[in-house]
Peer 1: 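Structure in structure tokens, see below.
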Amino acid sequence: MADTALREPGAAVRFRGGGFLPGTSRLAAVAAFVGLILVWQAAISFGLVSPVFLPSPVEIASALRDLTMSGELWRHLSISLVRIGSGWALGTAAGLCVGTAMALFSLARSVGLPMVSALYPIPKIALLPLLILWLGIGEVSKTATIALGVFFPTVIAVYSGIDNVPRNLIRMAQSFDVPFRDIVWKIALPGALPSIMSGFRISVSTALLLVVAAEMIGAESGIGAFVLQAGNLMQTDQLMAGVTVLSILGLIVGAALSWAERALLAWR
Amino acid sequence: MRLHVDIRRHAYDDLAVLDGVAFTVEPGEILCLIGPSGCGKSTLLGIVGGLVRPTDGRVSTEGALPEGSLNPFTFVFQDFALLPWRSVAQNVAFPLEHHRLTASERDALVAEALRRTGLSDFAAALPKQLSGGMRQRVGIARALVVRPALLLLDEPLSALDAQTRELLTEDFLDLWLRERTTAIYVTHNLDEALRLADRVVVLSRRPGRIKEIVTVGVPQRARRGPEAATTLAALRERLWSLIRDEAAIADREMVHG
Ligand SMILES: Nc1ncnc2c1ncn2[C@@H]1O[C@H](COP(=O)(O)OP(=O)(O)OP(=O)(O)O)[C@@H](O)[C@H]1O
Ligand SMILES: [Mg+2]
């Protein structure tokens, strides 16, 4: 019996508060990553996996180097980055305005809430063909797809962020006769910033997803188009090099957002 | 400045909260407001401060407002209501920012308010770095910086532990004895009321009515002395007998909502 110890006179109290506090070890993480790459390389070097289907890490690295030297990688990457940047900026700007309006005004809320609920679940890439019909095959339809994909999560983040700002902060400002504009700029928006920042995390990954998808559907250039062409030509090393670039891009953006959160939300 | 409060009735939808509450606040007095939980004390304070529109009633002033007041009726909140992303000094500066003041005038007012509340060394700290007591000092500094004619304090110390409450009561009294700013002070704590109040308004359970207005009679400076002890003990007994049964019934009521 586990608790006989407590019943015996003079027995020490048995410790029972252990566990459920997992930590993390950087060493384990790096070791696992390096291990995976070594196993992968070995599997191909020893002929267990055909390099046609899965290129080795060494091959991917050399493809990546060649693409960088020739300037081809940068050509595709820069085009994708411009599409992401313009689409994200557009969607974010519109999302900030609409989300703020929905949080502050009854009319905007009554109209906006059902609209957003209905349109948010549509996978925006499904609208690309329609947008191509409307706006042509060029940059505008891709930018618009990304902007749409970014718009909805931003609206929801801003709207719910402002909605969750403690009501008593607003009453406090009103009790000092602080004007409406100042309450919006000095209380509602800064108070919603944590929610807005987590919205950015979602919208940035949405933008990354949509740029690749859009470039696979209708583009000659950009990382998505590059990966698709490499696949069509069975150039798996090029394909994997493109995928690696996307992964690194995602990591960089994630790190930048974490840094921004630490800097802007230090007050939490 | 004298304040006349006359609330004939106040209801939130069907819930009657106040029913015929009328009293006058004399210049320079602390009027404490006690009553069972949910009887409408915060609502009453909200009506006086213009944050709640009364269903039927009126709050008016008589006599001149003190000169240079930037916000005559000023609240101190139970949960402090500080902006967590602003430093102590920036929080205290907040109610000044929409007034026409030069930066140096504003800084001088903030520095003065921080000095009076003992916060000068904490000007750059963020609220999260402060204890509850220090946070409420910021709340008080922010209220003083606008030179209020009437302070509206809604259970300002009830979020604090007993010892901090004691300390802040002393400090608040010191401040008040120097300037005698008129104040309405809501509290659940009879000892706090008897330490601070010139008069205590006792409200009944909801819908709140005035059960009695008790005058304390002993000057605040003399209340720690042994001569005052018997008088205060008798007053405490009297207040307790007034709210005891009300509180017991209110306590057993189901919460709305
Ligand atoms: N904005 C509101 N809308 C609807 N009902 C409200 C609102 N504010 C308060 N009430 C209700 O009105 C009644 C009085 O509330 P109030 O906060 O004024 O009481 P109180 O005396 O301050 O209580 P406590 O001692 O708990 O602080 C309560 O029953 C409360 O639920
Ligand atoms: Mg209250």
Side-chain angles (χ1 to χ4, degrees), chain A residues 92 95-96 99-100 103-106 109-110 154 157-201 256-268, chain B residues 42-43 45-53 69-88 90-100 124-130 135-136 138-148 150-156 159:
Chain A
T92 297
L96 282 170
T100 305
L104 297 176
F105 305 110
S106 304
R109 178 176 300 217
S110 320
T154 308
V158 175
Y159 161 77
S160 64
I162 294 180
D163 224 35
N164 285 324
V165 171
R167 184 79 202 152
N168 66 312
L169 293 183
I170 290 166
R171 280 171 65 94
M172 180 276 289
Q174 289 177 322
S175 81
F176 287 108
D177 280 322
V178 174
F180 179 82
R181 263 183 59 123
D182 286 15
I183 296 182
V184 175
W185 280 105
K186 295 178 183 174
I187 296 183
L189 287 172
L193 198 57
S195 167
I196 294 175
M197 293 297 290
S198 25
F200 282 175
R201 252 178 220 290
L257 279 174
S258 299
W259 175 85
E261 273 182 357
R262 270 198 304 281
L264 292 173
L265 305 178
W267 48 270
R268 282 203 298 183
Chain B
S42 298
T43 302
L45 220 55
I47 292 173
V48 173
L51 291 181
V52 175
R53 195 196 299 277
S69 176
L70 293 172
N71 192 58
F73 292 10
T74 300
F75 281 87
V76 174
F77 297 89
Q78 177 176 8
D79 54 11
F80 323 135
L82 303 180
L83 303 179
W85 51 87
R86 284 181 173 230
S87 70
V88 167
Q90 290 168 332
N91 264 289
V92 175
F94 179 72
L96 301 176
E97 287 169 359
H98 63 287
H99 288 284
R100 287 182 192 284
L126 285 172
K128 70 165 182 183
Q129 298 171 295
L130 302 179
R135 285 182 205 181
Q136 192 55 295
V138 181
I140 294 171
R142 181 181 61 194
L144 295 178
V145 82
V146 293
R147 290 197 223 104
L150 173 69
L151 276 175
L152 301 166
L153 304 104
D154 192 356
E155 301 189 45

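Side chains included, hydrogens not; waters and symmetry mates left out as well; all remaining heavy atoms used. So that the names make sense, note that chain A is the first sequence line, chain B the second, and so on, each numbered from 1.
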Peer 1: Would you please say whether a donor-acceptor pair under 3.5 Å links the side chains of A/S160 and A/D163?
Peer 2: no
Peer 1: Look at B/R86 together with B/E97 and state whether they make a salt bridge at an N to O cut-off of under 4.0 Å.
Peer 2: yes
Peer 1: Check each atom of A/A266 against the heavy atoms of chain B and say whether the ones under 4.5 Å are side chain, backbone, both or neither.
Peer 2: backbone
Peer 1: Nearest 0.5 Å please: distance from the OG atom of A/S198 over to the CG atom of A/L265.
Peer 2: 8.5 Å
Peer 1: Distance from B/L51 atom CG to A/N168 atom CG, nearest 0.5 Å?
Peer 2: 11.5 Å
Peer 1: Given heavy-atom pairs under 4.5 angstrom as the criterion, report whether the side chain, backbone, both or neither of A/D182 touches chain B.
Peer 2: side chain
Peer 1: Side chain, backbone, both or neither: which part of B/L82 has a non-hydrogen atom closer than 4.5 Å to chain A?
Peer 2: backbone
Peer 1: Mind ranking B/F80, B/F73, B/F75, B/F77 by heavy-atom pairs under 4.5 Å with chain A and telling me who comes out on top?
Peer 2: B/F77
Peer 1: Evaluate the ring planes of A/F180 and A/F105, with Trp represented by its six-membered ring, and classify them as parallel (under 30°), tilted (30 to 60°) or perpendicular (over 60°).
Peer 2: tilted
Peer 1: Which answer fits A/I187, side chain, backbone, both or neither, if we ask what part of it has an atom under 4.5 Å from a heavy atom of chain B?
Peer 2: both
